Visitor: 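Sharing a structure with you now.
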2 protein chains.
Amino acid sequence: MRRDIFQAIADPTRRAIIGLIAIQAMTPNAIAEHFETSRQAISKHLKILTECELLKQEQKGREIYYQLELEKMKEIDQWLTQFKAMWENRFNELDNVLANLKNKTDENEPTI
Amino acid sequence: MRRDIFQAIADPTRRAIIGLIAIQAMTPNAIAEHFETSRQAISKHLKILTECELLKQEQKGREIYYQLELEKMKEIDQWLTQFKAMWENRFNELDNVLANLKNKTDENEPTI
DNA sequence: TAAATTTGCAACTGATTGGTTTCATTAATT
DNA sequence: AATTAATGAAACCAATCAGTTGCAAATTTA
């Protein structure tokens, strides 16, 4: 069983669960009500998300509240960092192009 | 065939390919040299990455250069945005906690 | 033109996935 | 104490996945 965050967020249902739980901790039953699949299927998703530490459990009597572990979400952002630097650079390049264009226009403008 | 970015980056080999290509466009053969698997397996990964528009091709004679489509990478970042707001808020809360602690300490400090 | 290179595609295979149904366990109600 | 509710785990299944080998098409080189 591969259990890393990227594999965890690959499934659309799991991404939806993450989105739900981000707002407030929820029990498996409450979560399952938001989906078409069975409670057991949701339970499996919760297991996978918990195993890769994206979720943590808090037992309250016979209910278990699942809560999002934001820290773990940061790991995805960390992987993106390297590329983020690139698209920001590209944006800066566009800035330069625009700046150059402006200068050229200014040069060609008739001096009053 | 599911073909969305999240499924695409779920595979570690594909993430490695993305990392490689980010630096400079490469041919399938050149990419395959960096991995233990066969050229055909890499070719399949390239197909998947291309189909979900994370990569684009540029034909040069009999060679095909694969290049990263940074714009598409942003979509992952966009999904993260909602959670990013949360962990930044949490950081602010920590700031408040620290500020409160400081105030309380100040209150308890002996007045000279 | 013939041979070599670069690439993609098809067919096959074993492993994994996401789902189902059934069952066991624990906690709350009656 | 008996019943109901909330949950996880096991066994099973069809679909998908990532890999393989073999082959065909196109371009370069000899």
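All of these numbers come straight from a predicted model, not from anything done at the bench. In what follows, every chain begins at residue 1, and chains take the letters A, B, ... in the order their sequences are listed.
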Visitor: Who are the side-chain contact (heavy atoms from CB on, under 4.5 Å) partners of B/A85, not counting sequence neighbours?
Guide: none
Visitor: Is B/S38 near enough to D/dT20 that one of its side-chain N or O atoms lies under 4.0 angstrom from OP1 or OP2?
Guide: yes
Visitor: In terms of the nearest nucleotide of DNA chain C, which residue is placed more toward the 5' end: A/E36 or A/G61?
Guide: A/E36
Visitor: Determine whether a donor-acceptor pair (N or O, by modelled atom type, separation under 3.5 Å) exists between the side chain of B/R14 and the backbone of B/A8.
Guide: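 Yes: the side chain of B/R14 pairs with the backbone of B/A8.
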Visitor: Would you say B/Q7 reaches D/dC17's phosphate, i.e. side-chain N/O to OP1/OP2 under 4.0 Å?
Guide: yes
Visitor: Within this structure, what is the CZ-to-P distance between A/F6 and D/dA18, rounded to whole angstrom?
Guide: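 Going from A/F6 (CZ) to D/dA18 (P), I get 15 Å.
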Visitor: Pair up each side-chain donor or acceptor in residues 15-27 of chain B with any protein partner under 3.5 Å, not counting sequence neighbours, and list the distances.
Guide:
unit_1, atom_1, unit_2, atom_2, d
B/R15, NH1, B/I9, O, 2.7
B/R15, NH1, B/A10, O, 3.1
B/T27, OG1, B/A30, N, 3.3

Visitor: To the nearest Å, how far apart are A/L49 CG and C/dT17 P?
Guide: 13 Å
Visitor: When you measure from the side chain of B/E53 to the backbone N and O of B/L55, does any donor-acceptor pair fall under 3.5 Å?
Guide: no
Visitor: Between atom CD in B/E51 and atom P in D/dT16, what is the gap in whole Å?
Guide: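 The answer, rounded to whole Å, is 14 Å.
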Visitor: Once each nucleotide of nucleotides 6-12 of chain C is scored for protein heavy atoms under 4.0 Å, what B/S/- sequence comes out, 5' to 3'?
Guide: SBBB---
Visitor: May I have the distance from B/R3 (atom CZ) to D/dA18 (atom C1'), rounded to whole angstrom?
Guide: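 Distance check: B/R3 CZ to D/dA18 C1' gives 12 Å.
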Visitor: Please give, in whole Å, the distance from D/dA5 P to A/Q59 CD?
Guide: 19 Å
Visitor: Side chains of residues 64-77 of chain A: which donor-acceptor pairs under 3.5 Å do they make with residues two or more places apart or in other chains?
Guide:
unit_1, atom_1, unit_2, atom_2, d
A/Y65, OH, A/E63, OE1, 3.4
A/Y66, OH, A/Q57, NE2, 2.8
A/E71, OE2, A/K74, NZ, 3.3
A/K72, NZ, A/E75, OE2, 3.1
A/D77, OD1, A/K84, NZ, 2.8
A/D77, OD1, B/K84, NZ, 3.4

Visitor: With side-chain hydrogen bond (donor to acceptor under 3.5 Å, both in side chains) as the rule and sequence neighbours excluded, what pairs involving residues 31-40 of chain B come up?
Guide: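 Output for this query is empty, none listed.
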Visitor: Think A/H45 has a side-chain N or O under 4.0 angstrom from the OP1 or OP2 of C/dT17?
Guide: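 No, no such contact exists.
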Visitor: How long is the line joining CD of A/E58 and C1' of D/dA6, in whole Å?
Guide: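 In whole Å, D/dA6 C1' and A/E58 CD are 16 Å from each other.
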